[in-house]
Amino acid sequence: MIDIAYLRKKRDVLEDALRKRGYPLDILDALTELDSKRREVITEANALRAKKNEISRRVGELRRRGEDASHLLEEARKYDRLLAELKEREKEYDRKFWELWAHVPNIPHESVPVGPDESANVVVREWGERREFPFKPKPHWELAELLGILDWKSASEMAGSRFVTYKGLGARLERALINYFLDTHIGNGYTEVFPPILVKPEALYASGHLPKFHEEMYYIHEDDLYLIPTAEVPLANLHRGQVIPEEKLPLYYVAYTPCFRREAGSHGRDVRGIIRMHQFNKVELFKYTRPEDSYEEHERMVRDAERILQALGIPYRVVLLSTGDMGFAAAKTYDIEVWAPGLGRWLEASSVSNVEDFQARRANVKMRRKDGKTEYVHMLNGSGLATPRVFIAILENFQREDGSVVVPEVLRPYMGVDVITYPSRDPRGA
RNA sequence: GGAGAGGUGGCCGAGCGGCCGAAGGCGGUGGCUUGCUAAGCCACUGAGGGGAGGUAAUCCCCUCCGAGGGUUCGAAUCCCUCCCUCUCCGCCA
């Protein structure tokens, strides 16, 4: 949610923002109309309430002196019907206005390239050498099959499609990635959080996932709870309704959670392998910052995510999303895409966004300046990283002709092996 | 799941039908005192919204005491529903 001042005083900025994002502008006229009607009714109702309050005050005075107040009571009752009707209209306009306003996306930052879709995205930098293979690199699902580290049959039988069972060194690799990501970020000053994975609707409203993305999430009707689609949700709710002293900012958090997505509307896309799953693991970075620091912190967050891929030796590129490709809440987003030679394409492993005060307004998170004034904080989120895409990149980039996979150096302490070979066996157990 | 207690401002904590947006304390800000520090003294210090005024200083009004309804001329205070926290019991990883 953005500041209404954009509608009232900076209409040109707002129009420009919607145009850049490819949103229709007609919503603004409706909003302005609703806003002025709403204000009209509020003013009228407030005046009436003031009158009633005044009468009540006088009744109180008379009663205290033991005098008769019946003529005032009669007068007060005269206002009741009028006030009741005004209240209704006030509520109605208010509801309509905020409902519409909640559909207005964030204002893109001036550094964001303008364009209709991903074709206008800009590759900011590329890191690492894309390896030349003397043989045809296999896609990860073939490698996983050869190594026996992913079990599709058991998963589909117990849970359906887009679920997988990691086995042996596959399970170990997954856990190694999670631990390595967490340990690295904690070392960079992020505080580890392990939050609830089921959350109430309010939490999703605050993060901006509701009402728009209900269909994308798993919902438990009996308890009115949702499975989180990303740890961004609980992390954005960590300080809901709070006022944070300026000197405590910035706050850095990192959380590992499983993430659950229904992937409605993506039937038939990425059906092979673990590119797109209903359940996957992700280590999420999150920051609360002062408004003046958020863009610098944004850059640092991207670097924090990149550092992991550098340490793993996975080639990647950083893409600055265009106005047409950015998410609803974001003011600026970088995607980090890893190279998957078996698939022959780049895969998004991370998305790092500065949402400025967009979520802070919804979640009502403010900071207190040294002079006592309060202001909304800025919030940033980014994957650091999503494991499946990194899992894929490791298998496909470090595969050998026989299908075995060399484990990146930094993961070896977590893995206990240098190479994943068939039969995949955990050296410490069966 | 059963029984009880409670949710008040940045925090703690009074108030239980009428100038209560809310005593008191802590914290914060400004000032005074002080050789410095510590202490002390004084003042200020919640949020959201609407309006007037130069999109200023400032002023007026409305709303908010977990959320939503209700009773009443009037509710933080009474009633109902929901949410949350705590204590005890039961159950359980």
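Bear in mind the structure is a predicted one, so any value in this text is a computation, not a measurement. To find a chain, count down the sequence lines: A is the first, B the second, and so on, and within it residues start at 1. These numbers come from the heavy atoms of this one structure, side chains and all, not from hydrogens, waters or symmetry mates.
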All N/O contacts under 3.5 Å from nucleotides 91-93 of chain B to the protein, with atom names and distances to one decimal?
none

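- A:Asp16 has a carboxylate O that lies under 4.0 Å from a charged side-chain N of A:Lys20, or vice versa, which qualifies the two as a salt bridge.
- Taking atom P on both nucleotides, B:rC62 is separated from B:rG74 by 15 Å, rounded to a whole Å.
- Checking each of A:Phe286, A:Tyr376, A:Tyr253 against A:His239 for a ring pair (Phe, Tyr, Trp, His ring centres under 6.0 Å) leaves exactly one that passes, namely A:Tyr253.
- As rounded to whole Å, 18 Å separates atom P of B:rG46 from atom CE of A:Met367.
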Which atom pairs link the protein and nucleotides 9-13 of chain B when you take only N or O atoms and keep those under 3.5 Å?
none

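- Using a 4.0 Å cut-off between charged side-chain N and carboxylate O, A:Asp35 and A:Arg38 make a salt bridge.
- The gap from the P atom of B:rA67 to that of B:rC60 amounts to 27 Å, rounded to the nearest Å.
- Within the structure, a side-chain polar atom (N or O) of A:Arg77 is placed less than 4.0 Å from OP1 or OP2 of B:rC73.
- Take A:Arg303 and apply the salt bridge (Lys or Arg N to Asp or Glu O under 4.0 Å) test, not counting sequence neighbours, and it matches no residue.
- The distance from atom CG of A:Leu86 to atom C1' of B:rG50 is 14 Å, rounded to the nearest whole Å.
- A:Arg19 pairs by the salt bridge (Lys or Arg N to Asp or Glu O under 4.0 Å) definition with A:Glu15, not counting sequence neighbours.
- Screening residues 47-93 of chain A for ring-ring contact (aromatic ring centres under 6.0 Å, His included) gives no qualifying pairs among residues at least two apart or on separate chains.
- With respect to the salt-bridge test (charged N to carboxylate O, under 4.0 angstrom), the residues A:Lys91 and A:Asp94 do not qualify.
- A search for side chain to side chain donor-acceptor pair (under 3.5 Å) contacts involving A:Glu85 returns nothing, not counting sequence neighbours.
- Here B:rG50 presents its C1' atom at 11 Å from CD1 of A:Ile4, a figure rounded to the nearest Å.
- By the salt bridge (Lys or Arg N to Asp or Glu O under 4.0 Å) test, A:Glu145 is found to be paired with no residue, residues two or more places apart in sequence or in another chain being considered.
- Across residues 30-45 of chain A, A:Arg39, A:Ile42, A:Thr43 each have a non-hydrogen atom less than 4.0 Å from an atom of RNA chain B (numbered order).
- RNA chain B contains the following stems of three or more consecutive Watson-Crick or G-U pairs, with both distances under 3.5 Å: B:1-7 with B:83-89, B:10-12 with B:24-26, B:27-32 with B:40-45, B:46-52 with B:58-64, B:66-70 with B:78-82.
- For the pair A:Lys91 and B:rG69, the criterion of a side-chain N or O lying under 4.0 Å from OP1 or OP2 is met.
- For the salt bridge (Lys or Arg N to Asp or Glu O under 4.0 Å) test, residues two or more places apart in sequence or in another chain that qualify with A:Glu157 are A:Lys153.
- We find that CZ of A:Arg8 is positioned 12 Å from C1' of B:rU55, with the value rounded to whole Å.
- Remark: P of B:rG68 and CG of A:Asp94 are 12 Å apart, rounded to the nearest angstrom.
- Without hydrogens or angle criteria, A:Arg261 side chain to A:Pro229 main chain gives a donor-acceptor distance under 3.5 Å.
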Close N or O pairs between protein and nucleotides 74-79 of chain B (under 3.5 Å):
unit_1	atom_1	unit_2	atom_2	d
B:rG74	OP1	A:Lys52	NZ	3.3
B:rG74	O4'	A:Ser56	OG	3.1

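- Listed by chain and residue number, A:Lys37 satisfy the side chain to side chain contact (heavy atoms under 4.5 Å, CB included) test with A:Glu33 (two or more places apart in sequence, or in another chain).
- In summary, the aromatic rings of A:Phe328 and A:His103 are positioned with their centroids too far apart to meet the 6.0 Å limit.
- By the 6.0 Å contact criterion, CD on A:Glu292 is enclosed, its count of non-hydrogen atoms from other residues, nucleotides or ligands being greater than 12.
- In this structure, CG of A:Leu48 is placed 11 Å from P of B:rU63, rounded to the nearest angstrom.
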